[in-house]
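Heads up: the structure comes next, in structure tokens.
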Number of protein chains: 2
Amino acid sequence: MTSTEPAGAGRAAPRPTRQRRAVARVMTTFADFRSAQEIHELLEQQGDPVGLATVYRTLQLMADHDEVDVLRSEDGEAIYRRCSDTHHHHLVCRSCGATVEVEGPAVERWTSAIAGDHGFTDVSHTLEIFGTCPACRS
Amino acid sequence: MTSTEPAGAGRAAPRPTRQRRAVARVMTTFADFRSAQEIHELLEQQGDPVGLATVYRTLQLMADHDEVDVLRSEDGEAIYRRCSDTHHHHLVCRSCGATVEVEGPAVERWTSAIAGDHGFTDVSHTLEIFGTCPACRS
DNA sequence: CACTCAACTGAGAATCATTGTCAAAACCGG
DNA sequence: CCGGTTTTGACAATGATTCTCAGTTGAGTG
Ligand SMILES: [Zn+2]
Ligand SMILES: [Zn+2]
Ligand SMILES: [Zn+2]
Ligand SMILES: [Zn+2]
């Protein structure tokens, strides 16, 4: 047993590979939600290609670490976006995809209260608001 | 043009076929969310088989008419459930899938207000609350 | 530096939900 | 019963995501 891990339960720290850095970097270059496929293409165009499977794996990893928000577009495709580290929700333009991060203590309180009323514990929630943004109101 | 429709814009009324009735009926037999595939199997077991494609088509139709709620399971699969005809949200048990319909004028107001503040129109929203129900709190 | 080994990668195959196709069947009003 | 329309269902096609697995890479070691 030549392990160098601290004695406890050992989850190996992920390696900072070129591919992972590349994905992390492109995620900082746009502000709206993009699909894994689009991110894969972006990387290719930027001359820093990463295999599609790796893009998927990396995005999942980042999502697990709360480094990106994941949500499902209306047709079920998973889409990703970098996000601030505080809990928040999104106001998304149905037409152009523009996104605004919003927060509201009131909603947070309401969801906890409702769940509590019904005896639910370990409560979490998802909330997305869709609409047409001013720019698209041609 | 031999149409018998009233002169205006004509969207033909859907026919109440055996298949559509069968789907509508089976939707009343359970209270939680089920995938189209599961619903298709249920129908088969109940000796009232409906083609998978038709199940999908019918569920979409019912969703368009707000006769069923649609939401996406975590892996992107569309799942369906009969629901009351008023706008509401769901409190879902992560462990056993038990569902409670909840409403809250406060949230409705909040989402409209937020969207309005940012100049968004045609606003809609999705909100799901997840937790562990009392029964599963073994 | 050369070595070792698990973590990591990527090309392509495999999955799997969902949608498209289209000829045959069911309906409906007349 | 007739003609036109809608609906159905078996099957193919699509498309995102996951799996496979052999080859690569990186970090720690002596
Ligand atoms: Zn817009
Ligand atoms: Zn929240
Ligand atoms: Zn439960
Ligand atoms: Zn609402």
Side-chain angles (χ1 to χ4, degrees), chain A residues 1-7 9-26 33-44 46-65 68 70-81, chain B residues 1-7 9-26 33-44 46-65 68 70-81:
Chain A
M1 203 236 257
T2 54
S3 168
T4 55
E5 294 158 17
R11 64 206 79 103
R15 289 182 189 163
T17 62
R18 172 185 73 76
Q19 290 86 342
R20 284 175 184 166
R21 270 189 305 263
V23 173
R25 182 174 50 65
V26 286
F33 284 93
R34 301 292 176 85
S35 71
Q37 315 261 352
E38 287 173 326
I39 293 165
H40 172 248
E41 284 170 26
L42 267 178
L43 284 165
E44 209 156 54
Q46 299 187 10
D48 207 350
V50 177
L52 183 55
T54 300
V55 171
Y56 273 104
R57 283 187 292 238
T58 303
L59 286 173
Q60 274 165 356
L61 209 60
M62 293 178 77
D64 289 345
H65 290 249
V68 296
V70 192
L71 79 87
R72 296 268 171 190
S73 67
E74 216 144 296
D75 61 338
E77 203 181 16
I79 49 184
Y80 307 83
R81 176 186 193 267
Chain B
M1 206 234 258
T2 54
S3 167
T4 55
E5 295 157 18
R11 65 206 77 105
R15 289 181 188 163
T17 62
R18 172 185 73 77
Q19 289 86 343
R20 283 175 185 164
R21 268 188 309 258
V23 173
R25 179 175 52 67
V26 68
F33 285 93
R34 301 294 176 85
S35 72
Q37 315 262 352
E38 287 173 326
I39 293 165
H40 172 247
E41 283 170 27
L42 266 178
L43 284 164
E44 210 156 52
Q46 298 188 10
D48 208 350
V50 177
L52 182 56
T54 301
V55 172
Y56 274 104
R57 282 186 294 238
T58 303
L59 286 173
Q60 275 165 355
L61 210 58
M62 293 177 77
D64 289 346
H65 291 253
V68 296
V70 193
L71 77 87
R72 297 268 171 191
S73 68
E74 214 145 294
D75 61 338
E77 203 181 14
I79 49 183
Y80 307 83
R81 177 184 191 267

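Each chain gets a letter, A, B and so on, in the order its sequence line appears, and its residues count up from 1.
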Please confirm whether the shortest side-chain N or O distance from [X] to OP1 or OP2 of [N] is below 4.0 Å.
X	N	value
B:Gln37	C:dC16	no
B:Tyr56	C:dT18	yes
A:Arg57	C:dG10	no
A:Arg15	D:dA27	no
B:Thr17	D:dT6	no
B:Gln60	C:dT19	yes
B:Gln19	C:dA26	no

Is [Y] close to [X] at the side-chain level, that is, under 4.5 Å between some pair of heavy atoms?
X	Y	answer
A:Gln19	A:Thr58	no
A:Val26	A:Arg34	no
B:Pro49	B:Leu43	no
A:Arg72	A:Phe33	no

On DNA chain C, check which nucleotide each of B:Leu52 and B:Arg18 is closest to and give me the residue with the more 5' one. B:Leu52
For B:Arg21 and for B:Gly76, locate the closest nucleotide of DNA chain C by heavy-atom distance; then report the residue assigned to the nucleotide nearer the 5' terminus.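 Nearer the 5' end of the strand: B:Gly76.
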Value in whole Å for how far the [atom2] atom of [N] lies from [atom1] of [X]:
X	N	atom1	atom2	value
B:Arg20	D:dT8	CZ	P	4 Å
B:Ile39	C:dT18	CD1	P	10 Å
A:Ile79	D:dA16	CD1	P	13 Å
A:Leu61	C:dC8	CG	C1'	11 Å
B:Asp75	D:dG15	CG	C1'	16 Å
A:Leu59	D:dT18	CG	P	11 Å
A:Glu38	D:dA16	CD	C1'	13 Å
A:His40	C:dT9	NE2	P	13 Å

From the set D:dT8, C:dT19, D:dT18, return the single nucleotide nearest to any side-chain atom of B:Thr54.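 Nearest to the side chain of B:Thr54 among the choices is D:dT8.
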I want to verify a distance call: between D:dT17, C:dT18, C:dT19, whose nearest atom is closest to the B:Ala78 side chain? C:dT18
Give the C-alpha distance, both sets of side-chain angles, the deciding distance and a yes or no for side-chain contact (heavy atoms from CB on, under 4.5 Å) between B:Asp48 and B:Arg18. CA-CA 9 Å; B:Asp48 208 350; B:Arg18 172 185 73 77; 2.8 Å; yes
